[in-house]
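In what follows, residues are counted from 1 in the order of the sequence shown. We count ligands from 1, going down the list as the structure has it; atoms in each ligand are counted the same way.
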Amino acid sequence: MDLDPKLAAYSTGDPTSFAFQTARERWPIIITQAIDDAYRTVGDCDDGVKCDEGKKIVADLAELKYEVQHDRALKPIRDDGFPDVAGYNQELAQLGPVTWLNAPWLFTECYLFRRISTSFSLSTHWKSYDVFARQKIKTFRSSRPAVLELAARYKDLVTQLRSASPHDPEADKLLFTEMCEVCLWGNATDLSLLTSLTYEDIQKLQGSEARRAAEKNILVNDLPAVYAHLLAAKADPAKARAERRVDIVLDNAGFELYVDLILAGYLLSAGLATTVVLHPKSIPWFVSDVLPGDFASLLTALADPRRFYETPTEEDTLQGIEPEKLTEKEVEELAFLFSEWSTFHGEGQLVLRPNRVWTRPGSFWRLPEEAKDVVDDIREGELVVFKGDLNYRKLVGDVAWDPTTPFTEALGPLGPGSGLNVLALRTCKADVVVGLQPGVDEKLKNMDGGGGDSGARKWGWNGKWAVVSFSKGT
Ligand SMILES: O=P(O)(O)OC[C@@]1(O)O[C@H](CO)[C@@H](O)[C@@H]1O
Ligand SMILES: [Mg+2]
Ligand SMILES: [Mn+2]
């Protein structure tokens, strides 16, 4: 099996690809935000050595930004002692001389974040510093209305699931669909894209009425097959006393991690899984992706919601905003979540399993050859859920497939026969898409701003449309 699909990879040099404006507009903004964050921390620090290191990091990031904006050649990544650098530098050597604004999108975007991480990993006092942490917490705080709405919903449904009242199979199926859609649309709140959205814009993306309206925006919806698959595993006598595991390869922190935990907690409470394994990243990644520390921060916020939501932030103080108080009911519902999730975690039913394989540059077609241990591990489960756009791009190889290509085909070695039951929950934020019915791509391109006959699949760039694609491994 080819290590990657042999089709044209999307390139930052292609004006019809989202890569083109991503490299020219969004990467410089992302690096500038990182510079601002590091500079602010330098300003606050009182340890001379740490300050000096911070100034060097700011200089590193400024040099990186200059390289990107002036289309310089990609340089080998400095060896920071982690084995994945060799892979990055081998692939860079194979690409030959390549510059930022004319390079394969998937490789170069991963290279960007892996390169940023060496400025910190090669330091003494900034090794575990997450330059995107401030933004993650800020977005989670801005998601307060949807966080509270979902906390109330979650407490009700778990209480109902636990009550002895007879279950209506249709209602159970609807609940599964609702929980998966909550988890899917949490991906729309994507920091790395939200370089310009306001607090109100973020909230509009997240409420339950937004989700109902978005139902028609799910272009592929394999949830019925996924539910049947999990229900069959639950009913299988051979699995009655065995572990039934669901893995979630995570995407973004903050609100998206919150909805991932809502899904995980629901699966465990409904008996559709006995264990949920979460796969976070090991380095700050694509601005908003989950690090193990983000899981701890989220639980800490839920453990003391009044402190998290009622303490004015620096911005609040500057604007003279006094955060609204939480009601007793809201505090109680958040406390319920905290108790549920920390108990699941404490009892080993909710497991965090970071691995550097998730921050490598290539498509997941490479996993069976390059990370057999990881594939063998996730094959243990009944289902492996891949969240978000970048994971989808890696699953199908970030290449210019015909959009009607079956998802099972685009998965290559992770498709049927791999033993992996793969579910992609993805809001579209890039060019690549597969599994569409004939005519859908053309219809969406012809909508206002859809890209028309320019060759650019613009409708796929803003997180408004989604695919929920399933492939059975057996
Ligand atoms: O994986 P996520 O968080 O849903 O999205 C990642 C992303 O923001 O980064 C890339 C463009 O910079 C695209 O894959 C996508 O827009
Ligand atoms: Mg995302
Ligand atoms: Mn992400």
Could you tell me which residues satisfy side chain to side chain donor-acceptor pair (under 3.5 Å) with Thr275, sequence neighbours excluded, listed by chain and number? Glu243

For Arg26, take its heavy atoms, then give the atoms of ligand 1 lying under 4.0 Å from any of them. 8 (O), 11 (C), 12 (O)

Any N or O of Thr22 closer than 3.5 Å to N or O of ligand 1: no

Ligand 1 to Trp105 polar contact by distance, N or O atoms, under 3.5 Å: no

Is Leu390 close to ligand 1, meaning an N/O of one under 3.5 Å from an N/O of the other? yes

Between Phe255 and Trp185, is the ring centre distance below 6.0 Å? no

Is it true that Lys394 and Asp398 make a salt bridge, defined as a side-chain N closer than 4.0 Å to a carboxylate O? no

Identify which of Leu112, Asp389, Asp251, Asp289 has a heavy atom lying nearest to atom 14 (O) of ligand 1. Asp389

I'd like to check which ligand 1 atoms, numbered from 1 as shown, lie under 4.0 Å from a non-hydrogen atom of Asn252. 3 (O)

For Phe286, the atoms of ligand 1 under 4.0 Å from one of its heavy atoms are 9 (O)

Donor-acceptor contacts, no H, no angles, side chain residues 291-298, under 3.5 Å, sequence neighbours left out:
from   : atom 1 : to     : atom 2 : distance (Å)
Asp294 : OD2    : Lys136 : NZ     : 2.8
Asp294 : OD2    : Leu291 : N      : 2.7
Ser297 : OG     : Gly293 : O      : 2.8

Six-ring centre of Phe308, Arg141 cation under 6.0 angstrom, axis tolerance 45°: yes

Before signing off on this row, confirm whether Arg393 and ligand 1 have an N or O atom pair separated by under 3.5 Å. yes

Given the Mn ion (ligand 3) as the apex, I'd like the angle to OD1 of Asp289 and OD1 of Asn252, rounded to 10 degrees. 80°

Look only at interatomic distance and state if Ser288 has a nitrogen or oxygen under 3.5 Å from any nitrogen or oxygen of ligand 1. no

By atom name, which N, O or S atom belonging to Asp251 lies closest to the Mn ion (ligand 3)? OD1

Does Tyr39 have more than 12 heavy atoms from other residues, nucleotides or ligands lying within 6.0 Å of its OH? no

Does a side chain donor of either Asp402 or Thr405 reach within less than 3.5 Å of an acceptor in the other side chain? no

One thing to verify: whether Asp441 and Lys445 come together as a salt bridge, which I'm taking to mean a side-chain N less than 4.0 angstrom from a carboxylate O. yes

